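Only one structure is covered here, and it is reproduced in the block below.
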Amino acid sequence: MATKSSPTLLRRRVARKLRRMREAANLTLAEAAPLLDKTRSALGRIENAETVADVHLVRSMMDLYDQFDTDLLDLVRQAMRPGWWVAYGVRDRGFIGLETEASTSLDFQLMYVPGLLQTEAYMRAVFSTGKVGWSRKELENQITARLIRQKRLMDDTTPLALTAIVDEAVLRKPVDGSPVMRAQLHHLFKASQLETVTLQVLPDSLGAHLGMDGAFTILEFADEEYPSLLYVEYPTGGVHVERPAEVREAKLIFDKLRSAALPPQESAAFIERTADERYPS
């Protein structure tokens with residue numbers, strides 16, 4: 001499921017425009033912030049798209065920077081609209097909106113089946129143990145939102161190309177018992193046959209590898225205006241990294257993991273064999 005322009009991506013566009021306007025006015029963050037009744041850190045968060053500026057603040061910025069841009073005001077209004085996921089009560093920390101607009105996702109996982117490739121039963125088990133205090137409705141909303149995200153893999157107009165690398169531990173960890181895992185691995189095998197999905201396995205026989213520090217995702221966009229970004233999730237949140245040098249290093253690590261992993265066809269056979277041997281019907 002994709003929108004023409006998600007609020008998350010629009011906020012990135014607004015942030016870059018505001019930063020360029022300030023720089024064109026020869027003002028530093030420290031100089032501009034007090035003139036806008038903001039702290040330096042608050043203005044920095046706006047320019048990094050961590051928070052969104054409202055129309056009134058942007059008008060004040062235009063006055064201070066001596067620049068006026070009607071199109072920018074329209075972008076701000078659009079960026080303030082809620083994304084589709086808000087209807088499900090999902091706090092995505094910016095990731096879902098970016099994924100909604102991404103053309104490619106490079107996903108490395110050490111312990112979990114990638115979210116875009118999970119069966120409903122598997123994600124239900126993961127969500128049930130992953131968060132304390134969720135109501136039944138919140139749990140169902142999380143599942144619904146993830147199922148909606150998965151539709152991008154088969155979208156005729158704006159498909160998402162997914163390259164996923166999983167450690168063998170992902171296949172062997174018995175999440176919610178054999179029936180759920182057997183169905184999940186068969187689902188992985190079928191998903192690996194989709195034109196939009198490239199799935200590879202890092203076998204235990206490989207030993208130590210570059211990905212042992214943790215899972216990560218790289219999102220890439222068809223529009224060159226939007227640079228690739230690195231997303232790393234942690235137990236209570238997630239962080240977006242846009243610094244080019246760090247994103248390039250993450251891509252290099254991903255490429256090395258892809259080279260070390262079993263090729264796609266061998267990976268599919270490995271997944272099918274693991275399902276039959278470890279989770280027999």
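This is a predicted model, so every value here is computed, not measured. Both backbone and side-chain heavy atoms feed into the values below; hydrogens, waters and symmetry mates do not.
Residues Met61 and Gln67 fail the side-chain proximity criterion, which asks for heavy atoms closer than 4.5 Å. With contacts defined as side-chain heavy-atom distances shorter than 4.5 Å, the pair Val247/Pro227 does not qualify. With contacts defined as side-chain heavy-atom distances shorter than 4.5 Å, the pair Pro159/Leu153 does not qualify. When side chains are defined from C-beta on, Leu171 does not count as touching Met181, because their heavy atoms never get closer than 4.5 Å.
In Gln265, the CD atom is not crowded: 12 or fewer heavy atoms of neighbouring residues, nucleotides or ligands sit closer than 6.0 Å. Applying the 6.0 Å contact sphere to CG of Asp204 captures more than 12 heavy atoms from other residues, nucleotides or ligands.
By the 30° and 60° cut-offs, the orientation of the rings of Phe108 relative to His209 is perpendicular.
Residue pairs meeting the side-chain hydrogen bond (donor to acceptor under 3.5 Å, both in side chains) criterion with at least one member in residues 39-49, sequence neighbours excluded, are Arg22-Glu47, Thr39-Ser41.
Between Asp155 and Arg152 there is no salt bridge, since none of the side-chain N atoms of the basic residue sits less than 4.0 Å from a carboxylate O of the acidic one.
The hydrophobic cluster containing Phe68 also contains Tyr65, counting ILVMFWY residues as joined when their side-chain heavy atoms lie under 4.5 angstrom apart, directly or transitively.
Atoms CZ and CZ, on Phe221 and Arg12 in that order, are 5.0 Å from each other to the nearest 0.5 Å.
For Asp63, there are no salt bridge (charged side-chain N to carboxylate O under 4.0 Å, His left out) partners, not counting sequence neighbours.
A donor atom on one side chain and an acceptor atom on the other are not found under 3.5 Å apart for Arg258 and Gln200. Using modelled atom types, one finds a donor on one side chain and an acceptor on the other under 3.5 Å when comparing Gln109 with Asp107.
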